[in-house]
Every structure is written in C-alpha cells, then in structure tokens.
Amino acid sequence: MENPRDMAEHTPRSERKRRDSFGMFDGYDSCSEDSSSSSSSEDSEDEVPSIPASLPIIKNNGQVYTYPDGKAGMATCEMCGMVGVRDAFYSKTKRFCSVSCSRSYSSNSKKASILARLQGKPPTKKAKVLQKQPLMAKLAAYAQYQANQQNQAKSKSVVPVEGFDWGQYICSNNLVGAPVSCFKHVPMGMCWGDIAEGVRVEVLNSDTNLSTKVYWVAGIVKLAGFKGLLRYEGFDNDSSKDFWCNLCIPEVHPVGWCASSGKPLVPPKSIHHKYSNWKAFLVKRLTGAKTLPPDFATKVQENMQYPFKKLMRVEVVDKTHLCRTRVALVEQVIGGRLRLVYEESQDGTDDFWCHMYSPLIHSIGWSRSIGHRFKRSEVTKKMEGQMDAPSQLFLKIKDVDQSGEWFKDGMKLEAIDPLNLSAICVATVRKVLADGYLMIGIDGSEAADGSDWFCYHSTSPSIFPVGFCEINNIELTPPRGYTKLPFKWFDYLREMSSIAAPVKLFNKEVPNHGFRIGMKLEAVDLMEPRLVCVATVTRIVHRLLRIHFDGWEDEYDQWVDCESPDLYPVGWCQLTGYQLQPPATQTTREAPPNVSKQKKKTAQYKGQKKSECSLFYLSSSLSSHRTQICGCTTGPGAVSSGFSSALGLVWFCLIVGSCHDSAGSRIITDNCSHHPYSYLKGEKEWHAPSG
C-alpha cells in the first residue's frame, strides 16, 4: 500500500492514470480508507476551491484547509485576531475587521484593552478586543465559513420532503405505483420514455468505508412512479443492500457519467472479493443494457421550471360562492401547484390551492367574455410587481360548435358533485354560457339564489349523459327528498317535464391512460385542496378513476378524471418539495374530544366530508343545506366492457330523446314503443342490449 504522504504529492495526471475508461480504480484495495483520505480533491463531490501552491496545506480528518492569511479569500484582524471574509474587512489593506479595531489600533489602545481584559474589565465599545485565536481555531472558523457557504447554496434548492417512506410502504405490502407516463402534467411526464425495470444508472456507493464520495452501477429492480428500487451490480439475487431512490434527483446519473466527470467507480465492500477483474465484469453486464439519456438531468431541470410567478393576477372560483369568480394573486408556486390569495384578503390567509392547469383558474377578463358571474374587487391600488398572468399560460379548452343542436337550460344530465366528490348526482343545466361553458346545479339541493351552481365546460369529463351510472354499475345520487326509490330516469324526466341532454354533446374520448386498479399514487384531497395524500386507484370506469385515500373510509373517496392535474406519481412530493400526507391512522381519524360528533347518517344519504368548515369550493355556511348528500360507495369490482357500455349508453340516450309531444319537446311515456324497459317486462334491472 502506498504511503499517504506520497499519494498527497501525486499530480492530477498521475491520479488519472489509476482509473480506466469506466472511471474505475485498478482495484478496491488501491482505494483504501487511508489513501482516499489524502487523495486529490477531485474524487469528492464537494470540491475544495483551488488553492495557490504557495499556501501551506493542512489536512485534518479528510478535510483540506489553508491558513487564512488573506491570500485565499480570508483575512485576520491585526487588532483582535478575528478570522473572516477578506472582502468584508475594513480599509483598503483589509487589516482590520471593523472601524472600531482600526481606530483602537491607531490610537494605541491595544495595550490598555488587553490590560483591561486581564483584569476582568469589559473592553470599551471603541476598543473591543478578543483573544487572538490559535491556528486550529482559525482553521475551524474557515471550515465553518465553507460549511455556511455550502448550506446557503443548498438552501436555495428544493429540500426533499421526508417523513413518509414510500419504499417501505410499497415493499411491505407488495404494491404497484402508477407509472410517470400516466401523468402528462408532471415533470418528465411527457418524456419518461423507456425508463423501466432493468435500466442501469450510476449512483453513490453507500456500502463503503471510504471517506470520499465514490460511485457504482446499480440496476432498477422495481419502479413506482419517480422512485426506483435499486440494486448494486454484482449482488445478483441478494437484496440485502437494495435501496429506494428518486430517479430525478441530481445524485442519479446515466452509465458513463463517472468516466466523463472524473469520478471513481468503486465496487461495494460487501462484494469486492467476488471478482478480481471488475472492469471485465462491468463490460459483460452493461453490454446491451439500457441507461438514462445523457440529457436526463437537464430535462428534469427544464421540466421543473414553471411559468407562473409570484404576484401574477388570475381569476379563480370563489370558494364562498361557487357560481362566481374572483381575482386572486399567485403567492406561491410548488411543483406547478399554486397558492392563490384572493386580492381582497387583508392578512393573506384567504387562499385557495390548485394546479396551474386546473380548469378553475382563468386569465383576467375570462368571466366577462363568457358571461360568468364575477365579484369585482374593491382593491383600487395594485401592489408593486403585480401583473396579469398571460392568457397562454392557462389550460387550453377544446373549441366546440354551439350553432347546431346544443345544450339548453333545463336539460338533465349526471354530474360529479363538487361538494361531495364521491357522488355522481342528478343534475340540470341551469345556464348556457359562451365558448361551450355551462352552469350546472345539483337537483334537490340547490340554493335559492343559485349560489352553488358550478361551471363545467361541455367537454368536461365530470358531466355525463343520462344513464351513465346505471350502465356502468355506479350508484347515482338521487335528488334530495326524492322518495320514489330506486331512482328511474324515465319516471323522473316525466315528472319534471324535462328532457335529457343529447348524448352526442358529451365528451366520449377515452385515452389510453395506463392506470390499473390497485395502483398507488399521490392525490390532492379536493375537499381540502392544499393537501396531497397517499392514495389508491380502486375503480376505473372508462376515463373516470375512483381515488381512495389510504387509511380513510370509502366515504371519503373521490371520482377524478384520468388526466386530472390533481393526481401525481409516487415521489412527486419529494421531488418538488411539497408536503405529503401519510395514510391516516385510527388516531388521526378520531375527532377531538371537544368537537361534537355528527349525527349518525342514514344508510341512504351520506354526510359531508372530513371537515364541516373546509370544502372544495364553498364555506360551511353555504353548504349547510347539503349535509346529507348521498355518497357513492363503490369499491373495486368488475366493470362492464368499454364497448358494450358505450353501446348501451348511446342506445339508451337516443331512446330517451326519440319521443316528442305536441309542442316538440322530448319526453318519456309508458306507452312509447321504444321505451327502454319495454322488452324486459318483469326484470328488476335494465341491461344494455347485447350486440
């Protein structure tokens, strides 16, 4: 083994000769703890700044310092002996740390100050004298300065959110995470490519006694969202050193990065004895293997840039009056999620969270352009730096043709209740707006002034034609107070003298989203949209997903579209620095002792979600009349095939709109020859016709 003192004298050229084309050292023994502690600083990720050759080098516990004599960016005060940054010192010569020291020195008060200190008297403000620090104290101060500089640099970057261990949760329960490619709105969602199990990467080697950072090749054993279960090359079927890692963090590199960056590849100490020629081993293992694209890290950084900036003005739904919008200011941007503060909020606490691609936010002037209600702000003076968010930053809505057959006021449909997202309810078109927008109301639970109408676009995946729930075996929530149960659409349409909205007007596109029942993900609790929680896909109906929040009862489930910007892959919170809410425990679900329990809910109707005062859109005062909305408790189960369901849906809705009265209105009648139930006399349930 080489003498550490000799190794410290190696030039960078001789150091590079010890590595091969893979960036590997000739052998594990040649990179022992002794040699590595005195090797060149280029082996370390946190490299020490270049040091002039004339300065004495002092090594202590693997760290390299220089005497802070002012030539390397540091200076020593000639009056008090304090060590500090040279540029911060006083006078042109940088001899003193402050004006006080300079004056004290020039006024010949140094002796008096020292004498006063020895006598136990405090020094005067003008001549504050401290004990001159010895060499190691100065070195410690310099080391502290370096550490502070590094901490300041790190504080500017996103700090990963810790607390919940996704890896342990997935492995202990043998779970599957939804792939990143299912989420087009997240970083790398559109360019995840062929990253899958078997891909090789270069990562830090944690199985080593070396004091410097060394790396080794690892393969992805299991993939769950952004996180991968990695196994070092050479461990084969041994999983004892497997570890979970977010593949988008800067410490994960494509194979070949170490060689091009001059970083050492060192096999783990647990297996270094298995092979005598590790280079040949890597050549054999990596030939034909896949790795990350060379520009992977660059793409991650580019995808983490968001166009919305602080103090941009937007129009967003008024959470106290769902039927209107208000002006809000962007206060915070985390991973594309916006914390919006309503412009009239005095203390900044009246806020609302949503994603930048949410259909709930719009550019300034949107409400007036389509005829939507808008609450004019009473704030007359804008804050410095405010600007209207450019229109191109918002979600683009598909153009629709309203010139032909179109939605009309009073038409019936089925819609997800924004106040109870576990329920799909009987609903009515209350007002037709411009550009394809509709104001929808939930039958039987609307406020008298229409303040709980909500705006959906005609292409929204949250509205459905009449019969959708029945065909897809989803419990439809009937109007509150409606007594003729089980609910039948043709009876209800006849009683209300209403018509069903034509099925051709609804969005029938079903993308190949890639979600499967049982997949894990991170999902926004839309009843309290600042929270992102551990969740599971429990049912899939075409493009509609049933999201269950782990640890909570089924009544808190939510129906969400497969392309919703409120769904994220495993590891998204860690990557963006957003706080992830872990699965609820029995303790967290129990109400505090001083909170009165809600009345027991009937089997038919299910009450409000989680909190009476924190709703998706409305305050508790507005939603008090809707505390008994029926929830839809459907767990995992068989779903009829997409083809037969769609065919039955079209058949049913066309029949609903096929009969006319004398005035030309479409109605359902018992004696209609095309009655959807006429061919199944005596059957309790209606089924879509085969073929």
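Computed over heavy atoms, backbone and side chain alike; hydrogens, waters and symmetry mates excluded.
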dist Asn303:CG -> Thr298:OG1 (nearest 0.5 Å) comes out at 11.0 Å
Closest heavy-atom pair, Gly571 versus Asn246, reported as atoms and distance to 0.1 Å, is O-ND2, 3.1 Å
Open item on the list: Is it the case that atom NZ in Lys396 sees more than 12 heavy atoms from other parts of the structure closer than 6.0 Å?
Closed with: yes
Rounded to the nearest 0.5 Å, the CZ atom of Arg368 sits from the OG1 atom of Thr325 at a distance of 11.5 Å
Tightest non-hydrogen contact, residues Thr477 and Ala423, listed as OG1-CB, 3.4 Å
Can Trp166 and Gln574 be counted as having a side-chain donor-acceptor contact under 3.5 angstrom?
no
Between Gln558 (side chain only) and Asp525 (backbone N and O only), is there a donor and an acceptor less than 3.5 Å apart? no
Taking the six-membered ring for Trp, are Phe506 and Phe407 closer than 6.0 Å centroid to centroid? yes
Hey, are Asp318 and Arg373 close enough for a salt bridge, meaning a charged N less than 4.0 Å from a carboxylate O?
no
| Minimum side-chain heavy-atom gap Val426-Ile442 below 4.5 Å | no
Quiz item: So does Phe374 have more than 12 non-hydrogen atoms from other groups sitting under 6.0 Å from CZ?
Solution: yes
Query - Lys375 atom NZ, neighbour heavy-atom count above 12 within 6.0 Å - result: yes
Please tell me if the side chains of Thr576 and Tyr306 come closer than 4.5 Å, counting only heavy atoms from C-beta onward.
yes
Suppose we call two aromatic rings close when their centres sit under 6.0 Å apart. Are Trp353 and Tyr578 close by that rule? yes
| message | Could you tell me if the side chain of Phe464 sits less than 4.5 Å from the side chain of Ile416, heavy atoms only? | response | yes
(message) Is any side-chain heavy atom of Glu344 closer than 4.5 Å to one of Asp350?
(response) no
Check whether Gln301 reaches the backbone of Ala297 with its side chain - one donor and one acceptor, N or O, closer than 3.5 Å. no
Determine whether a donor-acceptor pair (N or O, by modelled atom type, separation under 3.5 Å) exists between the side chain of Glu414 and the backbone of Leu476. no
task: Check whether any side-chain heavy atom of Met527 sits under 4.5 Å from a side-chain heavy atom of Tyr556, and report yes or no.
output: no
Taking the six-membered ring for Trp and the single ring otherwise, decide whether the centroids of Tyr568 and His185 are under 6.0 Å apart. yes
Phe164 vs Pro583 side-chain heavy atoms within contact, under 4.5 Å
yes
- Under 4.0 Å between a Lys/Arg side-chain N and an Asp/Glu carboxylate O for Glu315 and Arg326? no
side-chain hydrogen bond (donor to acceptor under 3.5 Å, both in side chains) test vs His548 passes for just one of Thr538, Asp557, Thr536, namely Asp557
Residues Arg337 and Asp566: closest non-hydrogen pair is NH1-OD1, 3.2 Å
Report the C-alpha distance between Tyr169 and Lys520 in whole Å, list the side-chain angles of each, state the deciding distance to 0.1 Å, and finish with yes or no for side-chain contact (heavy atoms from CB on, under 4.5 Å). CA-CA 10 Å; Tyr169 189 65; Lys520 295 293 179 180; 3.9 Å; yes
Heavy atoms of Pro569 and Val186 approach each other most closely as CD-CG1, 3.8 Å
Quiz prompt | Donor-acceptor under 3.5 Å (Ser367 side chain, His372 main chain) | solution = no
Heavy atoms of Ile170 and Ala224 approach each other most closely as CD1-CB, 3.4 Å
Gln392, CD atom: more than 12 neighbouring heavy atoms under 6.0 Å: yes
Counting N and O atoms only, with roles assigned by atom type, does the side chain of His457 sit under 3.5 Å from a partner on the main chain of Pro461, one being a donor and the other an acceptor? no
Parallel, tilted or perpendicular, judged at 30° and 60°: which one describes the rings of Tyr342 and Phe352?
tilted
Only residue of Asp417, Ile547, Ile474 satisfying side chain to side chain contact (heavy atoms under 4.5 Å, CB included) with Trp559 is Ile474
Is there side-chain contact between Asp351 and Glu331, with at least one heavy-atom pair below 4.5 Å?
no
| query | So, the side chain of Asp443 versus the backbone of Pro478: is there a donor-acceptor pair under 3.5 Å, distance only? | reply | no
Next on the checklist: With a 4.0 Å cut-off on N to O distance, would you call Lys184 and Glu563 a salt bridge?
Outcome noted: no
- Task: Give the C-alpha distance, both sets of side-chain angles, the deciding distance and a yes or no for side-chain contact (heavy atoms from CB on, under 4.5 Å) between Ile397 and Asp435.
- Result: CA-CA 9 Å; Ile397 298 296; Asp435 296 342; over 6 Å; no
- Query: Below 4.5 Å, heavy atoms only, C-beta onward: do Tyr437 and Trp366 meet side chain to side chain?
  - Reply: yes
In Val400, Asp399, Leu505, the residue satisfying side chain to side chain contact (heavy atoms under 4.5 Å, CB included) with Thr459 is Val400
For Arg543 and Val510 the tightest heavy-atom approach is N-CG1, 3.9 Å
Side chain to side chain contact (heavy atoms under 4.5 Å, CB included) with Leu393: of Met312, Met356, Lys309, only one passes, and it is Met312
Taken to the nearest 0.5 Å, the spacing of Leu433 CG from Leu438 CG works out to 7.0 Å
